[in-house]
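Quantities reported herein were computed from a predicted structural model and do not represent experimental measurements.
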Amino acid sequence: MRIGHGYDAHKLISGNGLVLGGVLIKSNYEIEAHSDGDIVIHALIDALLGAACLGDIGKLFPSVKDKYKDISSRSLLKEVNNKLIEKNYSVKNIDITYVGQEPKLLPHISEIRKNLSSDLNIEIDSVSCKATSTDGLGFEGAKKGVSCYAVVLISK
């Protein structure tokens with residue numbers, strides 16, 4: 001068994017919505033990013049890569065490459081899962097914590113869990129996703145950005 005931890009944060013700017021866990025959520029904000037900016041999946045990818053000692057998201061999918069401009073993070077997650085399978089790893093458990101004042105994640109958690117379990121071909125009961133605000137503290141509380149933590153357990 002191997003444990004991986006991932007983290008991602010991005011700046012919020014004015015907009016019409018953002019993608020979190022593969023779900024387009026209507027909002028007065030969007031995430032400033034090279035790809036779709038899906039911090040939930042980015043943190044998860046880093047956790048998976050770390051657990052398998054395969055580097056990090058920036059090494060595998062550098063933001064300086066045009067082919068990753070506006071790419072769906074779900075396609076990146078599937079590619080990472082294929083790399084894990086090639087190394088005979090399987091994902092056993094995922095625990096995700098989104099941190100942000102806005103948008104609220106609670107109405108979308110079920111759909112996020114379905115997306116992640118589908119993309120990784122694991123049972124939905126192996127995917128935990130939760131959200132918290134900072135009650136106005138820090139960059140998340142000031143609505144200047146959002147962040148996400150992910151912890152995973154994989155095994156051969």
Side-chain angles (χ1 to χ4, degrees), residues 1-12 18-25 30-101 103-134 137-140 145-156:
M1 297 283 217
R2 299 178 71 119
I3 296 171
H5 176 263
Y7 171 80
D8 196 28
H10 279 281
K11 181 180 179 180
L12 287 176
L18 54 149
V19 177
L20 296 171
V23 178
L24 179 59
I25 300 171
E30 64 183 56
I31 290 176
E32 187 174 79
H34 183 73
S35 67
D36 65 3
D38 189 333
I39 62 167
V40 170
I41 292 180
H42 294 181
L44 175 56
I45 286 173
D46 264 350
L48 292 167
L49 292 172
C53 291
L54 294 174
D56 61 39
I57 192 169
K59 177 182 174 188
L60 223 57
F61 310 111
S63 60
V64 295
K65 293 209 174 183
D66 286 340
K67 74 179 191 175
Y68 301 121
K69 178 73 176 144
D70 299 323
I71 194 167
S72 167
S73 294
R74 290 185 73 186
S75 65
L76 302 178
L77 180 60
K78 290 172 189 172
E79 190 173 327
V80 167
N81 193 46
N82 288 337
K83 289 186 180 301
L84 292 175
I85 291 168
E86 287 172 12
K87 298 274 187 186
N88 295 315
Y89 285 113
S90 61
V91 179
K92 299 301 179 189
N93 188 56
I94 296 169
D95 187 20
I96 293 168
T97 303
Y98 162 83
V99 184
Q101 290 293 128
K104 298 297 183 195
L105 207 61
L106 185 60
H108 310 284
I109 285 178
S110 177
E111 190 174 357
I112 290 169
R113 290 179 68 219
K114 285 178 192 171
N115 285 347
L116 300 179
S117 67
S118 172
D119 292 348
L120 295 170
N121 198 26
I122 60 175
E123 296 294 322
I124 196 163
D125 288 344
S126 297
V127 180
S128 171
C129 181
K130 53 203 180 300
T132 188
S133 71
T134 60
L137 297 174
F139 69 88
E140 298 101 338
V146 288
S147 65
C148 189
Y149 298 87
V151 178
V152 301
L153 183 65
I154 65 173
S155 70
K156 281 213 178 201

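Not counting sequence neighbours, the partners of A131 by the side-chain contact (heavy atoms from CB on, under 4.5 Å) test are Y98, L105. Shown here are the salt bridge (charged side-chain N to carboxylate O under 4.0 Å, His left out) partners of K78, two or more places apart in sequence or in another chain: D119. In terms of the side-chain hydrogen bond (donor to acceptor under 3.5 Å, both in side chains) criterion, residue partners of H10 (sequence neighbours excluded) are, by chain and number, D8. Evaluation of the ring pair (Phe, Tyr, Trp, His ring centres under 6.0 Å) rule for F139 yields no partner, not counting sequence neighbours. For K104, there are no salt bridge (charged side-chain N to carboxylate O under 4.0 Å, His left out) partners, not counting sequence neighbours. Residues forming a side-chain hydrogen bond (donor to acceptor under 3.5 Å, both in side chains) with T97 (at least two apart in sequence, or on another chain): K130. Take I124 and apply the side-chain contact (heavy atoms from CB on, under 4.5 Å) test, not counting sequence neighbours, and it matches R113, K114, S117. For the side-chain hydrogen bond (donor to acceptor under 3.5 Å, both in side chains) test, residues two or more places apart in sequence or in another chain that qualify with S90 are K92. Evaluation of the side-chain hydrogen bond (donor to acceptor under 3.5 Å, both in side chains) rule for S147 yields E140 as partners, not counting sequence neighbours.
Of all heavy-atom pairs spanning S75 and S72, the tightest one is OG-O, 2.7 Å. The two residues L49 and I57 make their nearest non-hydrogen contact at CD1-N, 3.7 Å. Of all heavy-atom pairs between G100 and V146, the closest is CA-CG1, 4.2 Å. Among all heavy-atom pairs drawn from A47 and G6, the shortest one is CB-N, 3.5 Å. Taking both residues in full, the closest heavy atoms of V91 and I122 are given as O-CG2, 3.6 Å, listed atom of the first, atom of the second, then distance. V152 and A51 make their closest contact through CG2-CB, 4.1 Å (heavy atoms, listed as atom of the first residue, atom of the second, distance).
Distance check: K83 NZ to K87 NZ gives 9.0 Å after rounding to the nearest 0.5 Å. Distance CD1/I39 to OH/Y149: 10.5 Å, rounded to 0.5 Å. Atom CG of L84 sits about 9.5 Å away from atom CD of E86, to the nearest 0.5 Å. With rounding to the nearest 0.5 angstrom, the NE2 atom of H42 is 10.5 Å from the SG atom of C148. To the nearest 0.5 Å, atom OG of residue S155 and atom CD1 of residue I3 are 12.0 Å apart. In this structure, CG on N121 lies 10.5 Å from CG on N82, to the nearest 0.5 angstrom.
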(request) Begin with the C-alpha distance, continue with both residues' side-chain angles, and end with the deciding distance and a verdict on side chain to side chain contact (heavy atoms under 4.5 Å, CB included) for I45 and L60. (result) CA-CA 10 Å; I45 286 173; L60 223 57; 5.8 Å; no
(request) Would you check, one step at a time, whether the test side chain to side chain contact (heavy atoms under 4.5 Å, CB included) holds for L20 with I31? (result) CA-CA 10 Å; L20 296 171; I31 290 176; 4.2 Å; yes
(request) Determine, step by step, whether C129 and H108 satisfy the side chain to side chain contact (heavy atoms under 4.5 Å, CB included) criterion, reporting the C-alpha distance in whole Å, the side-chain angles of both residues, the deciding distance to 0.1 Å, and the verdict. (result) CA-CA 10 Å; C129 181; H108 310 284; over 6 Å; no
(request) Give the intermediate values and the outcome of side chain to side chain contact (heavy atoms under 4.5 Å, CB included) for residues V99 and Y7. (result) CA-CA 11 Å; V99 184; Y7 171 80; over 6 Å; no
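Within a 6.0 Å sphere centred on NZ of K156, heavy atoms belonging to other residues, nucleotides or ligands number more than 12. Counting heavy atoms of neighbouring residues, nucleotides and ligands inside a 6.0 Å radius, atom CD1 of I85 exceeds 12 of them.
A heavy-atom distance below 4.5 Å is not found between the side chains of L54 and V80. Contact of the N115 side chain with the L77 side chain is not registered, since no non-hydrogen atoms from C-beta on lie closer than 4.5 Å.
N93 places no side-chain N or O within 3.5 Å of a backbone atom of L153 that could act as its donor or acceptor partner.
Pairs of residues two or more places apart, or lying in two chains, never qualify as salt bridge (charged side-chain N to carboxylate O under 4.0 Å, His left out) while including a residue from residues 38-58.
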